[in-house]
A.B. asks: 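Structure incoming, see below.
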Amino acid sequence: MFLLVSCTKREENSITKTNFLLDTLIQITAYGENADKAIDSAFDRISEIHNKMNVNDENSEVSKINKLAGRGYQRVSGDTLYVIKKGLFYSALSKGRFDITIGPLVKLWGIGTDKARLPDKKEIENVISLINYKDVIINEDKNEVMLKKENMSIDLGAIAKGYAADEVIRILKENGIKSAVADLGGNIYVLGSKPNGKPWRIGIQDPFKSRGSTFAAIEVKDKTLVTSGTYERFFIKNGKRYHHILDVKTGYPVENGLVSVTIIGDSSIDCDALSTTVFVLGLQEGMKLIESLKGYDAIFVTQDKKVYVTSGIKNYYNFNITNEEFKMDNLR
Ligand code: ADP
Ligand code: MG
């Protein structure tokens, strides 16, 4: 299927390739002699990660863990184990507001699939009782993972793209690339600076518009920017919007006034986990968390088009709003 959408664009000294993987449109632009081959290797690596972690493929490693839930251990690759362990770290950090065992709830809603629907209260209650990251057991020596209870399931949708973005950059570097931009459906990673030595100017997604419209821009070198928002996957029923970031306490999409959160840092898997975590925590608590962590910054957008940023954004990144409907504000 991805052959249908894959495409290549050549410019004087850069190549851009596009593919559909990890449930999203992925675009990589790289500069330099080896760019063509380097991008192909990066896409091969993304396919590999996709095949290991895709819950819609019953042969993926994550699906195999889920199938054995309550019954036994599944041996997995270092990739899957690493991503699960990162997921558990952020599950613990957020005291379970972010939780990689959210699988049954994600499946119940089916948001972003053709089976999306509004579940009833009883169905929600039944699956909520299955969600608990503390019931993921890891046997480190044997690379094995087990879920304690039957019908539990892991969903790495909140962090797999971040891991893939880190791997893309690692592989581009390995292939001698010094300047590149990878966009994995809102997980952006820029390698180095532009070929002319200037920082990349990256647009921040307008959360009220579909993919590609921006409301602000920021200048970065060697950084990843990950955005989570209500615009990415959702459905509308009786005039109400149901989006894909879920509150494990209520079982419903998070409703806290935020429409998007962008995290900036050096590791895309961490920024991806944090973008979802902070979205769930909300503006006040999320701001506090990011200010307390070294090496991360955040941009929050609320329903009423107010923009809140961490202190690092004001100081370092030449951040500016390009759509004047959006206004900067400060937390009191
Ligand atoms: P996107 O996939 O649009 O980039 P996110 O990184 O925020 O957005 O991930 C959203 C995905 O994370 C959902 O589609 C779902 O698979 C999963 N998810 C939703 N809510 C939670 C949560 N509270 N904890 C962990 N994972 C979640
Ligand atoms: Mg995320």
Side-chain angles (χ1 to χ4, degrees), residues 21-26 50 53-56 62-63 66 83-84 86-113 115-116 124 127-128 130-133 136 152-166 182-189 204-205 207 210-211 224-235 242-256 258-265 267-282 285-286 290 296 298 300-301:
L21 279 166
L22 293 169
D23 256 349
T24 196
L25 200 61
I26 299 180
H50 174 94
M53 300 177 200
N54 177 12
V55 285
N56 299 316
V62 174
S63 293
N66 294 344
V83 176
I84 289 176
K86 270 283 183 202
L88 292 175
F89 174 83
Y90 286 99
S91 301
L93 182 75
S94 67
K95 301 196 170 69
R97 307 279 296 282
F98 175 92
D99 191 321
I100 56 164
T101 65
I102 197 163
L105 188 63
V106 171
K107 223 176 295 158
L108 181 66
W109 281 89
I111 294 167
T113 73
K115 297 190 191 81
I124 286 180
V127 299
I128 283 184
L130 292 167
I131 302 172
N132 188 352
Y133 68 93
V136 179
M152 275 182 79
S153 63
I154 288 178
D155 178 307
L156 300 176
I159 48 173
K161 279 186 287 178
Y163 179 56
D166 289 333
D183 184 349
L184 289 78
N187 280 57
I188 296 171
Y189 207 135
I204 312 280
Q205 172 69 38
S210 58
R211 176 84 61 78
T224 181
L225 287 95
V226 181
T227 303
S228 280
T230 57
Y231 58 88
E232 193 62 44
R233 289 162 214 268
F234 62 89
F235 70 92
Y242 297 92
H243 65 84
H244 72 320
I245 303 170
L246 302 168
D247 184 334
V248 297
K249 281 196 274 192
T250 64
Y252 285 84
V254 171
E255 277 189 69
N256 57 15
L258 286 178
V259 286
S260 83
V261 174
T262 300
I263 308 287
I264 301 172
S267 145
S268 206
I269 189 170
D270 291 282
C271 289
D272 201 359
L274 283 169
S275 72
T276 311
T277 301
V278 163
F279 195 100
V280 179
L281 293 178
E285 220 184 314
I290 298 301
Y296 299 99
F300 299 78
V301 183

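First listed ligand is number 1; within each ligand, the first listed atom is number 1.
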A.B. asks: Using a plain distance cutoff, I'd like to know if V280 has any nitrogen or oxygen under 3.5 Å from a nitrogen or oxygen of ligand 1.
C.D. replies: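 It does not: no N or O of V280 is found under 3.5 Å from an N or O of ligand 1.
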A.B. asks: Can you tell which part of R97 has a heavy atom less than 4.0 Å from ligand 1: side chain, backbone, both or neither?
C.D. replies: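 Contact part for R97 vs ligand 1: backbone (N, CA, C, O).
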A.B. asks: Compute the ring centroids of Y242 and F234, then answer whether they are less than 6.0 Å apart.
C.D. replies: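 No - the distance between ring centres of Y242 and F234 does not fall below the 6.0 Å cut-off.
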A.B. asks: Side-chain contact, heavy-atom cut-off 4.5 Å: I245 with P253?
C.D. replies: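 In short, these two side chains do not touch, never coming nearer than 4.5 Å.
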A.B. asks: Give the residue and atom name of whichever protein heavy atom lies nearest to atom 20 (N) of ligand 1, and the separation in Å to one decimal.
C.D. replies: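 Closest protein heavy atom to atom 20 (N) of ligand 1: L246 N, 3.0 Å.
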A.B. asks: Given D247, T277, I102, identify the one with the heavy atom nearest to atom 22 (C) of ligand 1.
C.D. replies: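 Looking at heavy atoms only, I102 sits closest to atom 22 (C) of ligand 1.
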A.B. asks: Atom OG1 in T113, atom NE2 in H244: separation rounded to 0.5 Å?
C.D. replies: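 Nearest 0.5 Å value for the OG1-NE2 distance: 12.5 Å.
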A.B. asks: Measure the shortest side-chain to side-chain distance between F279 and F300 over non-hydrogen atoms and say whether it is less than 4.5 angstrom.
C.D. replies: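 No, every pair of side-chain atoms sits at 4.5 Å or beyond.
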A.B. asks: Which residue holds the protein heavy atom closest to atom 16 (O) of ligand 1, what is that atom called, and what is the gap in Å?
C.D. replies: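 Sorting protein heavy atoms by distance from atom 16 (O) of ligand 1 puts D155 OD1, 2.9 Å first.
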A.B. asks: What atoms in ligand 1 come closer than 4.0 Å to a heavy atom of D272?
C.D. replies: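 Once the distances to D272 are compared, the set is 6 (O).
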A.B. asks: For the 3.5 Å polar cut-off, considering only N or O atoms, please tell me whether K161 and ligand 1 meet it.
C.D. replies: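 There is such a contact, yes.
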A.B. asks: Using modelled atom types and a 3.5 Å cut-off, is there a donor and acceptor pairing between side-chain atoms of D183 and backbone atoms of G186?
C.D. replies: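 Checking the backbone N and O of G186 against the side chain of D183, a donor-acceptor pair under 3.5 Å is found.
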A.B. asks: Can you figure out which of A158, S228, S275 has its heavy atom closest to atom 26 (N) of ligand 1?
C.D. replies: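 Of the listed residues, A158 has the closest heavy atom.
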A.B. asks: For the residue pair F98 and Y90, categorise the inter-ring angle as parallel (less than 30°), tilted (30 to 60°) or perpendicular (more than 60°).
C.D. replies: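 Ring orientation of F98 relative to Y90: perpendicular.
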A.B. asks: Would you mind finding which of H244, K249, R233 brings a heavy atom closest to atom 3 (O) of ligand 1?
C.D. replies: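 Considering heavy atoms of H244, K249, R233, the nearest to atom 3 (O) of ligand 1 sits in H244.
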A.B. asks: Could you walk me through whether D270 and K86 pass the salt bridge (charged side-chain N to carboxylate O under 4.0 Å, His left out) test, one step at a time?
C.D. replies: CA-CA 8 Å; D270 291 282; K86 270 283 183 202; 3.0 Å; yes
A.B. asks: Please check: side-chain N/O of D155 versus main-chain N/O of I100, any donor-acceptor pairing under 3.5 Å?
C.D. replies: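 Absent.
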A.B. asks: Would you name the heavy atoms of D166 and I269 that are closest together and state the gap between them?
C.D. replies: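 Answer, listing the atom of D166 first, then I269: OD2-N, 3.0 Å.
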A.B. asks: Of all the heavy-atom pairs spanning K161 and T24, show the shortest one and how long it is.
C.D. replies: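 Closest heavy-atom pair between K161 and T24: CD-CG2, 3.7 Å.
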A.B. asks: Identify the closest protein heavy atom to atom 15 (C) of ligand 1: which residue and atom is it, and at what distance?
C.D. replies: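 The answer is V106 CG2, 3.8 Å.
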A.B. asks: Under 3.5 Å between some N or O of ligand 1 and some N or O of D99?
C.D. replies: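 In this structure, D99 places an N or O atom under 3.5 Å from an N or O of ligand 1.
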A.B. asks: With side chains defined as the heavy atoms from C-beta onward, is the minimum distance between I290 and I263 less than 4.5 Å?
C.D. replies: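 The answer is yes, as the side chains (C-beta and beyond) meet within the 4.5 Å cut-off.
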A.B. asks: What protein N/O/S atoms are found closer than 2.8 Å to the Mg ion (ligand 2)?
C.D. replies: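 Atoms qualifying: A158 O, D272 O, D272 OD1, T276 OG1.
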A.B. asks: Is a side-chain donor or acceptor of H243 paired with a backbone partner of V254 at a separation under 3.5 angstrom?
C.D. replies: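 Yes.
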A.B. asks: Going by distance only, is there an N or O of T276 that falls short of 3.5 Å from an N or O of ligand 1?
C.D. replies: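 T276 vs ligand 1: N/O contact under 3.5 Å present.
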